[in-house]
Amino acid sequence: MKVTVIGASGGIGQPLSLLLTQNTTLPINELALFDLRLSKGVSTDLSHMTGPTTGIDAISPKKVKGYGKDELSGALENADIVVIVAGIPRKPGMTRDDLFKINGGIMRNLILETMKHARPDCLVAIISNPVNSLVPLAVETMKQDIHQKYAPEKRVFGVTTLDLVRAITFLKESGQENVTQNGNSSNCNNNSNSNSSSKEDIFKDIVVIGGHSGKTILPIIPESTLLKKGLAKGTNTKDYNDFVYKVQFAGDEVVKAKEGMGSATLSMAYSGYMFVSDLINARCNTQNKQAYTSSTTGMSNTIVAYVCLNNNNKGQQLKEKLHNSVDYFSTPVVLQKNTGFVEHLDFDHTLNKLNTHELQLLNKDVLPQLAKDINKGESFVRSSK
Ligand code: NAI
């Protein structure tokens, strides 16, 4: 499998690439690193590590290749998975509009190049912000090419994994429970159905839905888990509200702590690595016909991602439940084995179980802002025609 990281020399791109080289079980034939600057330096640096000496199929140095600023086509050539982390991060005082103006143009160009050079069935993982608008922008850009063989709605993913990672981390910190995260990293060569996670694992049913900015981020934690963590006697208490706020605005906390010199990079690289591993595993299961257990959700073949809802009946059903107000939403997504495409959306255990307070947050805070963000991304493409 060829995995291309675009924006590979940045604060996220470098540690993300490092993590991808260190997992000996991922079947990566080539890790292609592209950036406008330093990508050859980063790939040379990475190529001096053999990686873990144990484990089969360890990635060897020659499999990491850097592409200079005029070599985007080579970096994308026949890529199976394209991870886009290029663009600028938020700085203090910058609005998401400011960010969108710059990153929107970058994303559109990168998607056009991806369509020209990557495999027609490639999966695209978008990390660059604002995810809420850039994913619709990417899908709309792809849809303009009527020759697309595989539906963009099924293969463009906004990476919201960091929200889930943060929710689980902050919950763990908030009480005395000593429970391990459901984090079984799975792989293609894993012949078991990898269901070794404990049924008692209280972090099992945590998801984060909605979008990927501020109040559009909505963590959904089972009442039983909240009670166990001593967090709430209900979901409208100060402790609970503080927890939700912390998850929603954790990105700001990092920007502030880094004194404006960057946003979350290491935690994002870790989350991005887990997400990309899931995509690789979903696609490579063609070889062993196994289900895989997501390293982030702990669920079989299921990840959480921000995706287009116009992809199948389940997407349409979810859209109706959201009053037809948005075409994109972050939700558990079941991936097809063999392709890694979106098979269907799995919202039965989340949206169907929201309590009154969560429904209020969804209707008041999440949907109106998300609708505006989506419109911004789609309008950008319409006005670029
Ligand atoms: P950074 O500035 O350190 O790195 C960005 C890299 O992109 C730079 O190396 C730059 O040269 C490169 N780049 C810019 N334009 C390019 C182009 N046209 N083609 C190829 N490379 C290009 O930024 P950082 O911290 O790595 O963040 C990257 C993006 O990820 C930002 O948009 C940030 O907001 C976003 N982010 C997303 C998160 C998420 O949860 N999805 C979390 C944290 C950040």
Side-chain angles (χ1 to χ4, degrees), residues 6-7 12 82-90 94-116 118 122-146 148 150-163 208-218 248 251 263 268 272 275 304-311 315-316 318-319 322-331 333 342 345 362 365-385:
I6 305 184
I12 298 169
V82 177
V83 186
I84 304 185
V85 69
I88 58 158
R90 203 148 47 95
M94 257 181 121
T95 63
R96 285 183 194 274
D97 264 346
D98 298 334
L99 196 61
F100 178 74
K101 276 181 204 139
I102 300 169
N103 288 352
I106 294 175
M107 183 61 64
R108 182 160 162 77
N109 182 45
L110 291 174
I111 293 292
L112 290 170
E113 292 299 309
T114 297
M115 287 195 299
K116 269 194 232 155
C122 75
L123 305 176
V124 179
I126 295 182
I127 292 177
S128 310
N129 268 321
V131 167
N132 288 3
S133 304
L134 292 182
V135 172
L137 183 156
V139 170
E140 283 304 306
T141 302
M142 284 176 138
K143 274 164 51 182
Q144 284 185 338
D145 177 1
I146 51 164
Q148 284 287 297
Y150 301 97
E153 293 90 337
K154 286 181 182 288
R155 56 193 185 89
V156 178
F157 302 87
V159 182
T160 56
T161 316
L162 180 55
D163 302 322
V208 180
I209 63 172
H212 178 65
S213 75
K215 293 204 164 193
T216 66
I217 300 170
L218 184 56
Q248 291 174 331
S263 60
M268 182 58 240
F275 184 86
V304 173
Y306 180 72
V307 293
C308 184
L309 302 183
N310 301 327
N311 47 38
Q316 290 299 332
L318 175 55
K319 218 170 120 172
L322 300 171
H323 325 297
N324 287 315
S325 56
V326 293
D327 282 339
Y328 293 81
F329 201 72
S330 186
T331 183
V333 174
V342 171
L345 308 176
L362 178 70
D365 292 340
V366 176
L367 296 178
Q369 183 60 48
L370 205 48
K372 282 186 207 159
D373 293 346
I374 293 165
N375 184 44
K376 195 186 297 167
E378 292 181 337
S379 306
F380 186 92
V381 180
R382 279 185 223 118
S383 62
S384 315
K385 270 181 192 171

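This is a predicted model, so every value here is computed, not measured.
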Please assess T216 against Y306 for the test side-chain contact (heavy atoms from CB on, under 4.5 Å), listing each intermediate value before the final yes or no. CA-CA 12 Å; T216 66; Y306 180 72; over 6 Å; no
Does the side chain of M142 come within less than 4.5 Å of V124's, by heavy atoms?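 With C-beta onward as the side chain, the pair touches.
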Mind checking whether V326 and V366 have side chains closer than 4.5 Å, heavy atoms only?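 The answer is no, as the side chains (C-beta and beyond) never meet within the 4.5 Å cut-off.
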Backbone of [Y] reached by a side-chain donor or acceptor of [X] within 3.5 Å:
| X | Y | result |
| --- | --- | --- |
| S128 | A86 | yes |
| D327 | C308 | no |
| N103 | N129 | yes |
| R108 | V381 | no |
| Y328 | N132 | no |
| Q248 | I217 | yes |

Nearest-0.5 Å distance that lies between atom [atom1] in [X] and atom [atom2] in [Y]:
| X | Y | atom1 | atom2 | value |
| --- | --- | --- | --- | --- |
| H212 | L162 | NE2 | CG | 6.5 Å |
| E140 | E153 | CD | CD | 8.0 Å |
| M115 | T141 | CE | OG1 | 6.5 Å |
| L134 | F380 | CG | CZ | 9.0 Å |
| I209 | L322 | CD1 | CG | 8.0 Å |
| F329 | L318 | CZ | CG | 6.0 Å |

State, to 0.1 Å, how close [X] and [Y] come at their nearest heavy-atom pair, and which atoms those are.
| X | Y | answer |
| --- | --- | --- |
| R155 | C122 | NH1-O, 2.7 Å |
| I102 | I88 | CD1-CD1, 3.4 Å |
| A138 | I126 | CB-CD1, 3.5 Å |
| I127 | V83 | CD1-CG1, 3.8 Å |
| V82 | A118 | CG2-CB, 4.2 Å |
| V208 | V304 | O-CG1, 3.5 Å |

Could you give me the CA-CA distance, side-chain angles and deciding distance for V156 and V135, then say whether side-chain contact (heavy atoms from CB on, under 4.5 Å) is met? CA-CA 7 Å; V156 178; V135 172; 4.1 Å; yes
Given S330, which partner from the list D163, T160, T161 fulfils the side-chain hydrogen bond (donor to acceptor under 3.5 Å, both in side chains) test?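 Result: among D163, T160, T161, T160 is the only option passing the side-chain hydrogen bond (donor to acceptor under 3.5 Å, both in side chains) with S330.
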Run the side-chain contact (heavy atoms from CB on, under 4.5 Å) test on F100 and L137 for me, step by step, so that the C-alpha distance in whole Å, both residues' side-chain angles and the decisive distance to 0.1 Å come before the verdict. CA-CA 11 Å; F100 178 74; L137 183 156; 3.9 Å; yes
Could you verify whether a donor N or O on one side chain and an acceptor N or O on the other, from N310 and K319, lie under 3.5 Å apart?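 Present: a donor and an acceptor within the cut-off.
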Donor-acceptor side-chain pairing of Q369 and D373 below 3.5 angstrom: yes
